[in-house]
Amino acid sequence: MKVIESTYEILAWKYLNYGVNEKWSDWATEMMIAGFETDSLVKLAIIEKPYNQFELHQLVEEIVIELNLDYKNTTKVMTDYVTYLAKQAIDGKRDLTKTLRDLKDLHNELDNQINVYDFYCLYFAKEDLNYDTVQWYWQGATRENIDKICLEQLKKWIEEH
């Protein structure tokens, strides 16, 4: 049985040690709907505030072990995560600016362990063009074509990875 695509996001968040919240719970629910069922997934699916991060991180670690998921290969996990985000944005399931912001943040967090620098530049180009008619981050990008350029770069990422 194949895990659902949002697992790439969860594994990246696990690697980055992000706090567990309702998005993780939603993922656990989706996994159960897809046919995966463990006691730990059920517990994660029904979490409620206030969150005890220590307990929830232990619970997620149990899920990772139970489902035999690997989050320790940084390059693979982050490449899969960027590909997931790119597909979501291209398919219109995720806001383009939010996607670029997340990729910019990922660039900063990973200290360029994977090459997402283009998305870092595109984020700032797009932001500048929201407030001005000039930007200095991406040659040839204007208000009229910035979204098209961003989507083309996301497609290029998918093709290359």
Side-chain angles (χ1 to χ4, degrees), residues 1-36 41 44-47 49 51 53 56-57 60 63-64 67 69-132 135 137-161:
M1 196 177 313
K2 188 176 177 185
V3 296
I4 61 172
E5 279 197 339
S6 58
T7 301
Y8 299 125
E9 187 167 48
I10 295 299
L11 290 176
W13 292 349
K14 171 79 173 127
Y15 174 81
L16 295 166
N17 202 30
Y18 286 2
V20 178
N21 59 30
E22 62 276 352
K23 290 181 181 180
W24 298 62
S25 177
D26 294 344
W27 168 77
T29 302
E30 290 177 41
M31 286 290 286
M32 290 188 315
I33 291 169
F36 294 89
L41 268 176
L44 183 59
I46 61 171
I47 63 169
K49 290 182 180 179
Y51 302 129
Q53 289 299 314
L56 290 175
H57 278 281
V60 170
I63 293 168
V64 166
L67 298 178
L69 301 173
D70 179 20
Y71 69 92
K72 298 195 178 181
N73 179 339
T74 308
T75 303
K76 179 173 179 6
V77 168
M78 292 304 147
T79 299
D80 289 345
Y81 178 45
V82 173
T83 302
Y84 167 75
L85 293 176
K87 287 179 180 178
Q88 293 285 300
I90 290 166
D91 293 343
K93 296 178 183 174
R94 198 169 204 286
D95 179 70
L96 181 58
T97 302
K98 181 178 179 353
T99 300
L100 292 172
R101 184 180 58 244
D102 288 348
L103 293 172
K104 180 238 343 153
D105 293 345
L106 190 62
H107 168 78
N108 292 337
E109 287 185 59
L110 293 177
D111 196 27
N112 210 24
Q113 291 177 30
I114 63 168
N115 188 6
V116 291
Y117 183 70
D118 284 352
F119 301 120
Y120 175 90
C121 292
L122 286 167
Y123 169 77
F124 286 108
K126 186 164 174 52
E127 281 296 300
D128 281 3
L129 291 169
N130 284 335
Y131 304 102
D132 201 348
Q135 58 78 32
Y137 295 96
W138 197 269
Q139 187 174 355
T142 65
R143 284 182 175 174
E144 291 74 28
N145 68 6
I146 187 66
D147 287 351
K148 181 180 179 202
I149 290 170
C150 293
L151 291 170
E152 286 171 355
Q153 290 302 308
L154 290 168
K155 288 175 186 173
K156 181 180 173 187
W157 170 274
I158 293 169
E159 290 169 8
E160 293 176 356
H161 298 90

Within the 4.5 Å heavy-atom criterion, are [X] and [Y] side-chain neighbours or not?
| X | Y | answer |
| --- | --- | --- |
| Trp157 | Ile90 | no |
| Val3 | Tyr8 | no |
| Leu100 | Tyr120 | no |
| Asn21 | Leu56 | no |
| Thr83 | Leu154 | no |

Asn145 versus Thr142, side-chain donor and acceptor atoms under 3.5 Å |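 There is such a pair (donor and acceptor under 3.5 Å, judged by atom type) between the side chains of Thr142 and Asn145.
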Specify the closest pair of heavy atoms between [X] and [Y], including all atoms of both residues, with the distance to one decimal.
| X | Y | value |
| --- | --- | --- |
| Leu129 | Arg143 | O-NE, 2.7 Å |
| Ile47 | Ser25 | CG1-CB, 3.8 Å |
| Ala45 | Ala28 | N-CB, 3.8 Å |
| Tyr71 | Val77 | CA-CG2, 3.5 Å |
| Cys121 | Tyr137 | O-CB, 3.3 Å |
| Gln135 | Ala125 | OE1-CB, 3.3 Å |

Does CD belonging to Gln139 count more than 12 external heavy atoms closer than 6.0 Å?
->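 Atom CD in Gln139 is not packed in, count stays at 12 or less.
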Which residues satisfy the side chain to side chain donor-acceptor pair (under 3.5 Å) test with Glu22, sequence neighbours excluded?
->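 With sequence neighbours excluded, Glu22 shows a side chain to side chain donor-acceptor pair (under 3.5 Å) to Tyr51, given in chain and number order.
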With sequence neighbours left out, which residue pairs that include part of residues 116-130 fulfil the salt bridge (Lys or Arg N to Asp or Glu O under 4.0 Å) condition?
->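 Found Lys126-Asp147.
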Test Glu152 against Lys156 for salt bridge (charged side-chain N to carboxylate O under 4.0 Å, His left out), laying out the working first.
-> CA-CA 6 Å; Glu152 286 171 355; Lys156 181 180 173 187; over 6 Å; no
Starting from the C-alpha separation in whole Å, work towards a yes-or-no answer on side chain to side chain contact (heavy atoms under 4.5 Å, CB included) for Thr7 and Met31.
-> CA-CA 9 Å; Thr7 301; Met31 286 290 286; 3.6 Å; yes
cation_pi(Lys104, Tyr123) dist<6.0 Å, angle<=45 =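 Yes; both conditions hold, so Lys104 lies above the ring face of Tyr123.
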Go through the steps to decide whether Lys76 and Asp80 satisfy the test salt bridge (charged side-chain N to carboxylate O under 4.0 Å, His left out), and finish with yes or no.
-> CA-CA 6 Å; Lys76 179 173 179 6; Asp80 289 345; 2.7 Å; yes
Could you pull out all donor-acceptor pairs under 3.5 Å where a side-chain atom in residues 9-20 meets a protein atom, sequence neighbours excluded?
unit_1 : atom_1 : unit_2 : atom_2 : d
Trp13  : NE1    : Tyr81  : OH     : 3.4
Lys14  : NZ     : Glu61  : OE1    : 2.9
Tyr15  : OH     : Thr74  : OG1    : 3.0
Tyr18  : OH     : Glu109 : OE1    : 3.3
Tyr18  : OH     : Glu109 : OE2    : 2.6

Does Lys87 come within less than 4.0 Å of Asp91, counting only side-chain N to carboxylate O?
->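 Salt bridge flag = no for Asp91 with Lys87.
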Cationic N near anionic O, under 4.0 Å, Asp95 to Arg101 | no
From CG (Leu96) to NZ (Lys98), nearest 0.5 Å | 12.0 Å
To the nearest 0.5 Å, how far apart are CH2 in Trp24 and CG in Leu44?
-> 8.0 Å
Show your working on side chain to side chain contact (heavy atoms under 4.5 Å, CB included) between Leu122 and Ile146 and close with a plain yes or no.
-> CA-CA 8 Å; Leu122 286 167; Ile146 187 66; 4.2 Å; yes
Determine, using ring centers only, whether His107 and Phe119 are less than 6.0 Å apart.
-> no
